[in-house]
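Comments concern the structure below.
Every heavy atom of this structure was used, including side-chain atoms; hydrogens, water molecules and symmetry mates were not.
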Amino acid sequence: MHDLSSLYAFLVVGGLLSVTPGPNMVYVISRSITQGRRAGLTSLGGVVVGYLFYMFGAAYGITAFFKTQPHATQILSALGAVYMGWLGWNAIRPGGRSPLEIHEYLPREHAGKLFAMGATTSLLNPKLALIFLTLLPQFIDETKGQVLQQSLFYGGMLIAMFAGVNACMAIFSGSIAEFLARKPAWLLAQRLLMGITLLALSAEMAIQALG
């Protein structure tokens, strides 16, 4: 049984990361704006292949790490603090961009190639590995055992959030991008809120690592 407070915290952090700009989101949105919603959703199907690959890889790797390293929690918290801090800085730094600021229009492709390119984009995205490897351990209670099952549970939730947000982007990206193009202050506010929250999470992980 997972602690409700941990579940709520994970949902908040996972939801925040799911709207963080990245190659997968940019690719799905670009395809949707260029070729339509169906193309965006087909591309997302390929992206999910990468999500699953990194989730299972991280889950088994985290399990082995907890078994062999006496200070696994502190080590992974330190790595998570660095990575979340980097994401936060990239969100608030001067010149940062929202994923809905798309200026690249891609050529039209058939469904099979869209799926394959989505999978390739996702599999070649090292940020995914870092997210799964640094975030999941923060919510795993090794004293309860079943580290692998806990990793897969939280990893599955993270994939559901990532896929859900990207699906919404694929369906509504054209309308959202057009709306936000007229509201630059909203884009800035979204980036600042996301960056500050990620930096706060980074600080919390750093404190956990030092403790």
Side-chain angles (χ1 to χ4, degrees), residues 10-11 13-65 76 79-80 83-84 86-87 90-91 96-137 139-140 148-177 194 198:
F10 184 81
L11 288 172
V13 176
L16 185 67
L17 288 173
S18 69
V19 297
T20 300
N24 295 333
M25 181 181 288
V26 171
Y27 178 71
V28 170
I29 292 175
S30 297
R31 282 298 177 190
S32 297
I33 292 176
T34 301
Q35 200 170 333
R37 297 173 180 174
R38 180 175 295 181
L41 291 172
T42 301
S43 301
L44 175 58
V47 167
V48 171
V49 172
Y51 290 162
L52 292 170
F53 174 84
Y54 283 115
M55 181 194 73
F56 282 108
Y60 284 101
I62 290 168
T63 302
F65 196 64
L76 291 172
L79 293 173
Y83 183 58
M84 295 302 164
W86 181 80
L87 286 178
N90 275 277
R97 290 179 57 189
S98 165
L100 284 164
E101 297 176 88
I102 302 297
H103 302 291
E104 179 184 5
Y105 287 84
L106 304 174
R108 298 178 68 87
E109 302 288 358
H110 59 80
K113 189 169 184 179
L114 289 172
F115 185 92
M117 291 174 70
T120 301
T121 300
S122 189
L123 288 168
L124 296 180
N125 180 9
K127 292 182 181 180
L128 274 180
L130 287 172
I131 287 174
F132 281 106
L133 284 171
T134 58
L135 180 64
L136 298 187
F139 297 90
I140 293 173
L148 176 60
Q149 289 87 335
Q150 291 186 66
S151 299
L152 293 174
F153 173 79
Y154 284 114
M157 289 179 62
L158 195 59
I159 287 178
M161 285 186 278
F162 281 1
V165 168
N166 278 289
C168 290
M169 291 295 186
I171 295 170
F172 301 111
S173 57
S175 301
I176 295 173
M194 179 174 60
L198 286 170

Q) So which heavy atom on S151 is nearest to which on I140, and how close? A) OG-CD1, 3.1 Å

Q | Where L11 and M161 come nearest, the two heavy atoms and their spacing | A | O-SD, 3.7 Å

Q) CG of N24 to CZ of F162: how many Å apart, nearest 0.5 Å? A) 9.0 Å

Would you list the atom pairs, donor with acceptor, under 3.5 Å between side chains in residues 44-51 and any protein atom, with sequence neighbours excluded?
| from | atom 1 | to | atom 2 | distance (Å) |
| --- | --- | --- | --- | --- |
| Y51 | OH | N166 | ND2 | 3.1 |

Q. Where do F132 and L158 come nearest, in terms of heavy atoms and distance?
A. CE2-CD2, 3.7 Å

(Q) Under a 3.5 Å distance rule, please check whether Y60 uses its side chain to pair with a backbone N or O of L148 as donor and acceptor. (A) no

**Q.** Residue pair A59 / L152: nearest heavy atoms and the distance that separates them
**A.** CB-CD2, 3.7 Å

Q) Given the rule in the side-chain contact (heavy atoms from CB on, under 4.5 Å) test, do L135 and F10 qualify, once you have shown the distances and angles that lead to the verdict? A) CA-CA 9 Å; L135 180 64; F10 184 81; 4.0 Å; yes

Q: Could you grab the distance from atom OH of Y54 to atom OG of S122, nearest 0.5 Å is fine?
A: 7.0 Å

Q: Indicate yes or no: at least one non-hydrogen side-chain atom of M157 is less than 4.5 angstrom from one of F153.
A: yes

Q: Quick one: which residue pairs count as a salt bridge (Lys or Arg N to Asp or Glu O under 4.0 Å) with a foot in residues 34-55, not counting sequence neighbours?
A: none

Q. CD1/I159 to CG/L52 distance, rounded to the nearest 0.5 angstrom?
A. 4.5 Å

Q) Looking only at heavy atoms, what is the nearest atom pair of S32 and G40, with distance? A) OG-CA, 3.2 Å

(Q) Looking at every non-hydrogen atom in both residues, tell me the closest pair between L114 and E109 and how far apart they are. (A) CD1-O, 3.7 Å

**Q.** Results of ring-ring contact (aromatic ring centres under 6.0 Å, His included) for F115 - residues two or more places apart only
**A.** none

